[in-house]
Structures are given as C-alpha cells and as structure tokens.
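First up is the structure itself, then whatever we jot down about it.
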Amino acid sequence: IRKDIGEIKVLAIFRTESKNQIIGGKVISGQAEKDCQAEIIKDGEILFEKKILKIGRKLKDDTPCIYLGKNSVIMPALINTHTHLEFSSNNTHLEYGDFMVWLNSVLEHREELFHNCKSECYKSAIEEMKKSGVCAFGQISSTGNDLKYLKHSPLKVVYFNEIIGSNPAAVDMMFEDFLLRLKESEEVTNEKFKVGVSIHSPYSVHPILAQKVIDIAKEKKLPIQTHFMESKAERKWLTKGEGEFKLFFEKHFKSAKPLISPMEFISLFKNTNTTFIHCVHANDEELQKINEIEGNVTHCPISNRLLNVGLLNLERVKNHSIPYNVATDGKSSNYSLNLFKEIRSALLMHTDLHPKYLAKDLLKAVTINAAKALGLNNGSLEEGKDADIITFKLPNKIDNLDMIPLYIILYTNMVE
Ligand code: MCF
Ligand code: FE
C-alpha cells in the first residue's frame, strides 16, 4: 500500500498468484441485471482507489501491491437490501411459526424491542453484517429513532422511511409524521447515506396515503420498498376480503374491508424504482405486472421459513425476467444478519434447483442485483464502480472454476 499524493489516500493492487480467483460481473449493453455474465478470472488483480480503476491479470508490475495468499477470492462486497434494525434487540420475544401469530406478537412487543435497541445494539447489528462481507444495507425505518445511530454508519445505508396506516381518520397524522421523518433523513444525506421510502404493504397502508408517498418518491426519484404477498392470509384478504386478516382488522381497527386489489396496488408503483419484498404468494399475473413496471423482488428465505409462509418460487420469478435479490429481513424474523448464512440457507432450501447454478444466481442476488435495487454504484468488479470489495480464502485449491460459487457459499461465514 502506497500513501499517495493529492486526493488519493491509498492506492493498492490486490494481486493474486496462481490458484487464486476473482469473481466479477461484466455489464453488457447497459442491462446489468439481465445480461450480467459472472466471470471468474484466475490469478486476477484489481487496481483501485475510491473506485475500481482496472481489473484483469498482470496489470502493472511496478505498482506496490498486496498479495492475498493462496486460494484467495476477491469479489464484490455483499449488499443486504432489506433489514429492520430497530428490531435488533429481538431474540426470543417474538413468536415464530405462523404469520398472524408473529404479527400479533410484534404489536405486543414492538415498543419494548424498540426501547431496548440503542447505540450498542445498532453497532453490533452493523458489525455482524460488516464481518459477513456486507458493504451496504437497506434499512426500513418505522419510527425515525434509528436515524441518529445510522447516519454515521461505517456501511452504506439506504434509509427507507416507512409509512403505515389504514385508518382514514389517522391518515393525515401519519402523513405529517412521515414528512417530518423524511425531512430529517434528507438532511443527513451524503455519499454513504441515501434516502428512500417504504409503503409497508397493501393491507396496512390506505391507498390515498400510499399514493401521496409514491408521488413524493417520484418527484424526488427515491427508491421504494414494499412488503407484498408474504402470506396466504394476505392473498385471501386482498382477493376475497376473508380469512385471518379479517379477524385481525376487526379486532384492532374495527374495519373489515380490503382497500385495494393486488393488481391495483402494483400499478401504483409505475415509473418508480420499487422492490417488492417476499412475493411468496404472488401469482403469474402479478409477477408479470411487476416485470412490466420494472420492479425488483427481494427474497428473505429465513424470515419466510420462520414465519412459516412458504418458499418463494425463484424459477417463476426468473421466468418473468424479474431480477431478484436476497436479504436477511430484520432480527424481527431472523436469528442473524449474516448474509452468507442467508444465501447458504437459500441454497439448502431450494431443493428443486441445481446447487451449482443456484449458487451462481445467489451470488448475483446479493451483489449486482442488490446494487440495482438500492440504486448503488457497486455490486460488481468493473472499472468505475465503487471499490466495495471483499476478500477471503477458500479451504483448498479448486481446478473446476464452475464449482467456485457453490464452494464460496458453503465455506464462507466471515471475510478478511
Ligand atoms: O418483513 C418482515 C415481515 N413482514 C412485515 N413486516 C416486518 C417484517 N419485519 C419487521 N416488520 C415490521 C414492519 O416494518 O413490522 C411491522 C412494520 O413496522 C409490522 S406491522 C405492525
Ligand atoms: Fe421486512
């Protein structure tokens, strides 16, 4: 590493010797998400400052370099697109095994969990992600109280201000509170801290309120996230106005009619950059619509398993040409925020897919696809991209390059 002159603080080449690999992504004709070819460069080198300057082999022999050692891998740092860090103090408070039971336990313990998550709690949540190779995360902020802990995060943050509220009488108040939180988060925006909005879900946000927030996102070009078709109960409620959600709304809000159809809901997000979280129970018509409006899908396999909502059909999402990314969701529905553990779980859960090819897709899901969903300039090793890079070692020399993505997912928990 050479201390450099002027703007450049550190200039380094990571040079590797034979038996080492680089995983990279190449963009073809500007369609990263659809045409990205994951390419593995043996004995690769990467030259970077704040951005990646060059990638290839035998780049510049006279430049000081760091040799990473045998069997090392250089790849884009991971991106955890969807978290709820305000819930990070949860471990055994919330009840798992059934979506509605979980939701009721959230309502019961929310305040207590939020109260118990202060500086140390956020620090350790971020540290866990960082150790597992995450360079950026999407945070759903329900209250805005997390802002002071996240505005100086060592990792990049896309901070999604959440709107929630289906009761027409409370809509104005909710909107005012949302505007205040949005403004406060916009005031701390910088290179590493970006702002977005989150419409919680089609069952929990009044369409008028949703429309108002989407209009703001359009005007300010902010990314959007929304939970969509997570449970069977949600599908039954939105399409038939029946089932467990009917009882839930009657009990808590004394109203018992769904306010929007799934298709109308998706249409609200036309001409935005929206990511639909979960989609486990989305049907072909809805997925086609999501593709039509150029939406993304986030898959949270551990969360879906713990709330027992089923397993997203990844092939179906792919067949609809929708780029999917993988995220941990919050500790509200996960035991960990380690993204390598998350993709390993996905690899083991999707027993209908070939592990070798699924592994490759999962690495794209947590890098290039995730960067696209959050609107970040990273997630692949290419000239001009932010130098958000991770390195680690595989346990052995691997001659069959095709197997590398699978071995990466099986053997990596933490990065160097
Ligand atoms: O993604 C999971 C499950 N689906 C929906 N919401 C949440 C998840 N984890 C946390 N949440 C939050 C959500 O942001 O829980 C609340 C919202 O604030 C549920 S509605 C009272
Ligand atoms: Fe979530």
Side-chain angles (χ1 to χ4, degrees), residues 80-91 93-114 117 125 137-146 158-167 170 174 177-178 181 196-206 209-210 213 223-235 237-238 244-245 248-249 251-253 274-282 296-310 312 325-337 339 342 370 373-374:
N80 194 3
T81 53
H82 180 79
T83 67
H84 300 257
L85 295 195
E86 288 164 296
F87 287 90
S88 296
S89 72
N90 178 55
N91 38 50
H93 299 74
L94 301 179
E95 199 169 332
Y96 295 150
D98 176 272
F99 182 80
M100 296 307 293
V101 170
W102 172 84
L103 192 57
N104 279 305
S105 76
V106 168
L107 292 181
E108 193 186 333
H109 295 284
R110 218 161 87 120
E111 294 314 316
E112 180 196 354
L113 290 171
F114 288 175
C117 198
F137 62 94
Q139 155 72 353
I140 305 296
S141 169
S142 301
T143 65
N145 295 335
D146 48 346
V158 183
Y159 187 85
F160 293 91
N161 292 283
E162 180 178 69
I163 185 79
I164 194 161
S166 54
N167 177 5
M174 297 309 221
D177 174 66
F178 166 83
R181 286 183 282 124
V197 302
S198 167
I199 314 288
H200 176 257
S201 76
Y203 59 81
S204 59
V205 184
H206 196 286
L209 191 53
V213 172
I224 307 178
Q225 290 198 356
T226 184
H227 296 89
F228 183 70
M229 283 297 170
E230 181 175 6
S231 62
K232 247 189 204 147
E234 178 176 346
R235 159 133 243 119
W237 168 247
L238 294 176
E244 293 169 298
F245 263 111
F248 177 86
F249 280 112
K251 181 177 158 204
H252 292 287
F253 306 106
T274 298
T275 301
F276 295 82
I277 317 297
H278 303 311
C279 296
V280 177
H281 296 278
N296 305 282
V297 163
T298 294
H299 179 30
C300 305
I302 296 180
S303 170
N304 294 160
R305 176 69 190 105
L306 293 179
L307 307 193
N308 214 9
V309 295
L312 175 67
N325 57 74
V326 172
T328 59
D329 219 339
K331 287 276 268 295
S332 21
S333 54
N334 204 326
Y335 65 95
S336 159
L337 297 169
L339 200 49
E342 191 74 31
L374 292 186

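Values below: all heavy atoms of this structure, side chains included; hydrogens, waters and symmetry mates excluded. By convention here, the first residue in the shown sequence is residue 1. Being a predicted model, the structure only gives us computed values, none of them experimental. All ligand and atom numbering here is 1-based and tracks the order in the structure.
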### Query
Which of the N/O/S atoms in Asp329 sits closest to the Fe ion (ligand 2)?
OD1
#### Entry: N/O donor-acceptor pair under 3.5 Å between Asn80 side chain and Phe137 backbone
no
### Task
Identify the protein heavy atom lying closest to atom 15 (O) of ligand 1, giving its residue, its atom name and the separation to 0.1 Å.
Phe87 CZ, 3.9 Å
### Task
State whether His82 contributes an N/O/S atom found under 2.8 Å from the Fe ion (ligand 2).
yes
### Flag, side chain of Ser231 to backbone of Val309, donor-acceptor distance under 3.5 Å
no
### Query
Is a donor on one side and an acceptor on the other found under 3.5 Å between the side chain of Gln139 and the backbone of Tyr159?
no
### Task
Quick one: do Asn325 and Thr81 satisfy side-chain hydrogen bond (donor to acceptor under 3.5 Å, both in side chains)? Show the steps, please.
CA-CA 7 Å; Asn325 57 74; Thr81 53; 2.7 Å; yes
### Query
What is the ring orientation for His200 with His227, classed by angle as parallel under 30°, tilted 30 to 60°, or perpendicular over 60°?
tilted
### Ser142 neighbourhood, listing ligand 1 atoms whose heavy-atom distance to it stays under 4.0 Å
14 (O), 18 (O)
### Query
So is there a nitrogen or oxygen of Ser303 less than 3.5 Å from a nitrogen or oxygen in ligand 1?
no
### Task
Measure Trp102 to ligand 1 on non-hydrogen atoms and call it side chain, backbone, both or neither using the 4.0 Å cut-off.
side chain
### Task
Identify the two heavy atoms, one from Val280 and one from Glu230, that lie closest to each other, and give their separation to 0.1 Å.
CB-O, 3.8 Å
### Query
Less than 3.5 Å between some nitrogen or oxygen of Glu162 and one of ligand 1, yes or no?
yes
### Message
Do Gln225 and Ser198 pair up side chain to side chain, a donor and an acceptor below 3.5 Å, judged on atom types alone?
### Response
no
### Message
I'd like to know if the side chain of Asn308 reaches the main chain of Gly97, judged simply by a donor and an acceptor atom lying under 3.5 Å from each other, with no hydrogens or angles considered.
### Response
yes
### Query
Does Gly330 reach ligand 1, in the sense of a heavy atom lying below 4.0 Å from it?
no
### Query
Who's the nearest protein heavy-atom neighbour of atom 1 (O) of ligand 1, and how far?
Asp329 OD2, 2.7 Å
### Task
For atom 6 (N) of ligand 1, state which one of Arg110, His200, Gln225 supplies the nearest heavy atom.
His200
### Atom indices of ligand 1, in the order listed, that fall short of 4.0 Å to a heavy atom of His84
1 (O), 7 (C), 8 (C), 9 (N), 10 (C), 11 (N), 12 (C), 13 (C), 14 (O)
#### Entry: Sub-6.0 Å ring centroid separation between Trp237 and Phe248
no
### Task
State whether the shortest distance between N or O atoms of Tyr203 and N or O atoms of ligand 1 falls below 3.5 angstrom.
no
### Message
Can you tell me if, anywhere in His84, an N/O/S atom lies at a distance from the Fe ion (ligand 2) that is smaller than 2.8 Å?
### Response
yes
### Query
What residue and heavy atom of the protein are closest to atom 21 (C) of ligand 1, and at what distance?
Leu107 CD2, 3.5 Å
### Message
List ligand 1 atoms under 4.0 Å from Ile164, heavy atoms only on the residue side.
### Response
20 (S)
### Message
Can you report which non-hydrogen protein atom sits closest to atom 4 (N) of ligand 1, along with the distance?
### Response
Glu230 OE1, 2.7 Å
### Task
Look at the aromatic rings of Phe245 and Tyr203 and report parallel, tilted or perpendicular, splitting at 30° and 60°.
tilted
### Task
With heavy atoms only and a cut-off of under 4.0 Å, state how Ile277 meets ligand 1: side chain, backbone, both or neither.
neither
### Query
Going through the distances and angles, do His206 and Asn167 end up as a side-chain hydrogen bond (donor to acceptor under 3.5 Å, both in side chains)?
CA-CA 7 Å; His206 196 286; Asn167 177 5; over 6 Å; no
